Amino acid sequence: MPSSTSLKRILVAGGAGFLGSHLCDRLVAQGHDVICLDNLFTSQKSNIAHLLGKPNFEFVRHDVTHPVWLEVDEIYNLACPAAPGHYQYNPIKTMKTSVLGAINLLGMAKRCKAKIFQASTSEVYGDPTEHPQTESYRGNVNPIGPRACYDEGKRAAETLFFDYHRSNKVNIRVIRIFNTYGPRMHPFDGRVVSNFIRQALAGENISMFGDGSQTRSFCYCDDLIDGMIRMMNGPDDFIGPVNIGNPVEFTIKQLAELVLELTGSKGKLIHKPLPADDPTQRQPDISLAKSRLGWEPKVPLREGLAKTIAWFRSIDMSQYRAPTPNY
Ligand code: NAD
Ligand code: UDP
């Protein structure tokens, strides 16, 4: 628990989402004065309902594409739909959220002299030709494909962060998040972990896109939030970008088999077409995070999946509105 002199006013944009709500939990528990700002596009208040009565937490329903005027010491920017089905639903809005959202929050950071953090993504590497991916790799993104609204939006946001830093001395932090999962993922977000668990619990077949040989490296949310907070509180000469993710790589088929085993489902693996521009491999090189932040993930996939499955079993899915038809 920080001392009263180190308590800060912190804005979490996108704070009602999957990762944002876990971040709010940590910051509120540390005693900080937390403002959660979210338009609830891909989330719902139930993620933060337990925080609403706390004196050091408040919720503001607002869209980051419009200017924000608040007085804070730190800003975490997580506001952006993250699942392919969500960000492709309204791609122009996705690009606006990344770019205008970054401009509005960076402008606020400049005015308040606040430190500002950007939740960037492994998608800036596109379908990578370097494996595993280090931060110096410049990526292989298709600028006109269906994922570009997200990938290029996040790349432009990184550019804005570094230009505000160089031109206006804004104190920035940028992390590149690799596939992260855990409780409070939206059950209808269409991401692989939520899809497979939801299908397995319903006794349905598991929808494997392509032959399932494509890889991802899955990080449990608690580990990711540790990395975020370490980066925000790290030295001012380390602004990133830094990869934060779990370097243990799995094929999608291996993930499907593990979900079937852990849920005891009798569902079968069925093949569906591979979406356009789906990256064939993804694995973070986390040497930089280890050496500069002393951070590495601790939760193995089997353990994190068991916790996530327990949460999915505990919720009433009929209470979750599907934000888009694309799930
Ligand atoms: P999420 O969809 O659960 O959270 C995003 C939040 O942002 C939601 O609450 C949504 O309502 C809000 N939002 C969207 N557009 C907004 C707008 N215009 N104004 C205000 N709020 C808006 O997804 P998540 O997995 O928690 O992702 C959080 C952040 O981390 C995102 O920026 C995402 O790009 C990044 N990220 C996540 C992952 C991952 O694997 N979870 C990987 C890479 C990057
Ligand atoms: N995927 C799958 N079945 C699903 C959903 C996703 O096989 O029901 C695959 C998808 O094609 C991709 C991987 O799982 O190769 C991860 O997909 P997700 O949408 O979770 O994240 P991203 O592609 O952005 O890493």
Side-chain angles (χ1 to χ4, degrees), residues 12-24 36-45 47-48 60-66 68 76-88 90 93-94 96-98 100-102 104-105 118-124 127 147 150-151 153-154 157 175-182 184-186 189-199 205-219 221 224-225 228 243-246 250-253 255-256 259 269-282 323 326-327:
V12 182
F18 157 50
L19 292 175
S21 62
H22 287 290
L23 178 61
C24 288
C36 164
L37 180 151
D38 204 298
N39 69 352
L40 301 181
F41 171 46
T42 59
S43 55
Q44 58 292 311
K45 267 201 209 160
N47 283 348
I48 48 161
V60 179
R61 194 187 286 231
H62 180 81
D63 187 317
V64 289
T65 61
H66 299 284
V68 186
Y76 287 86
N77 181 23
L78 280 72
C80 186
H86 290 171
Y87 66 67
Q88 289 168 15
N90 186 343
K93 178 65 193 255
T94 298
K96 281 187 181 173
T97 296
S98 275
L100 296 177
N104 288 329
L105 295 176
Q118 169 68 356
S120 190
T121 169
S122 53
E123 285 283 319
V124 300
D127 188 6
R147 298 175 84 103
Y150 181 73
D151 301 9
K154 288 282 189 179
I175 70 166
R176 293 179 177 157
I177 303 172
F178 284 65
N179 296 65
T180 302
Y181 68 98
R184 300 194 199 141
M185 293 185 87
H186 195 296
D189 68 9
R191 287 190 259 199
V192 70
V193 171
S194 26
N195 259 12
F196 284 4
I197 294 178
R198 189 171 44 76
Q199 291 162 343
N205 290 332
I206 304 292
S207 57
M208 203 169 60
F209 298 165
D211 63 4
S213 64
Q214 70 273 34
T215 69
R216 296 292 186 273
S217 307
F218 297 99
C219 185
C221 53
L224 200 281
I225 302 299
M228 276 189 177
N243 292 337
I244 300 286
N246 191 318
F250 289 85
T251 64
I252 295 305
K253 184 159 185 274
L255 175 75
V259 169
L269 303 190
I270 52 162
H271 294 276
K272 294 224 171 148
L274 192 65
D277 292 343
D278 198 283
T280 50
Q281 54 182 358
R282 186 181 287 154
N326 301 350
Y327 69 89

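Atoms within a ligand are numbered from 1 in the order they appear, just like the ligands themselves. Since the structure is predicted, the reported quantities are computational estimates derived from the model, not experimental observations.
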Shortest non-hydrogen contact from C221 to H22?
-> SG-NE2, 3.8 Å
Is any side-chain heavy atom of H86 less than 4.5 Å from a side-chain heavy atom of D189?
-> yes
Spacing of K253 atom NZ and I206 atom CD1 [to the nearest 0.5 Å] | 13.0 Å
Given side chains that start at C-beta, do those of T65 and K93 come closer than 4.5 Å, heavy atoms only?
-> yes
Any idea which residues sit under 4.0 Å from ligand 2, heavy-atom distances?
-> P84, E123, R147, N179, G190, R191, V192, N195, F196, S207, M208, F209, Q214, R216, I252, P275, D278, R282
State plainly whether the residues R147 and E123 are in salt-bridge range, i.e. N to O under 4.0 Å.
-> yes
No-hydrogen, no-angle side-chain donor-acceptor test under 3.5 Å, D127 and T280 = yes
Pocket residues around ligand 1 (non-hydrogen, under 4.0 Å) come out as G14, A16, G17, F18, L19, D38, N39, L40, F41, T42, S43, H62, D63, V64, L78, A79, C80, P81, A82, T97, A119, S120, T121, Y150, K154, I177, N179, T180, R191
Which of L23, I177, D38 passes side chain to side chain contact (heavy atoms under 4.5 Å, CB included) with L78? Answer is L23
Should the ring pair Y87 and Y150 be called parallel, tilted or perpendicular, given that the plane angle runs from 0 to 90° and is split at 30 and 60?
-> parallel
Give the ring-plane orientation class for Y181 versus F218, where under 30° counts as parallel, over 60° as perpendicular and anything between as tilted.
-> perpendicular
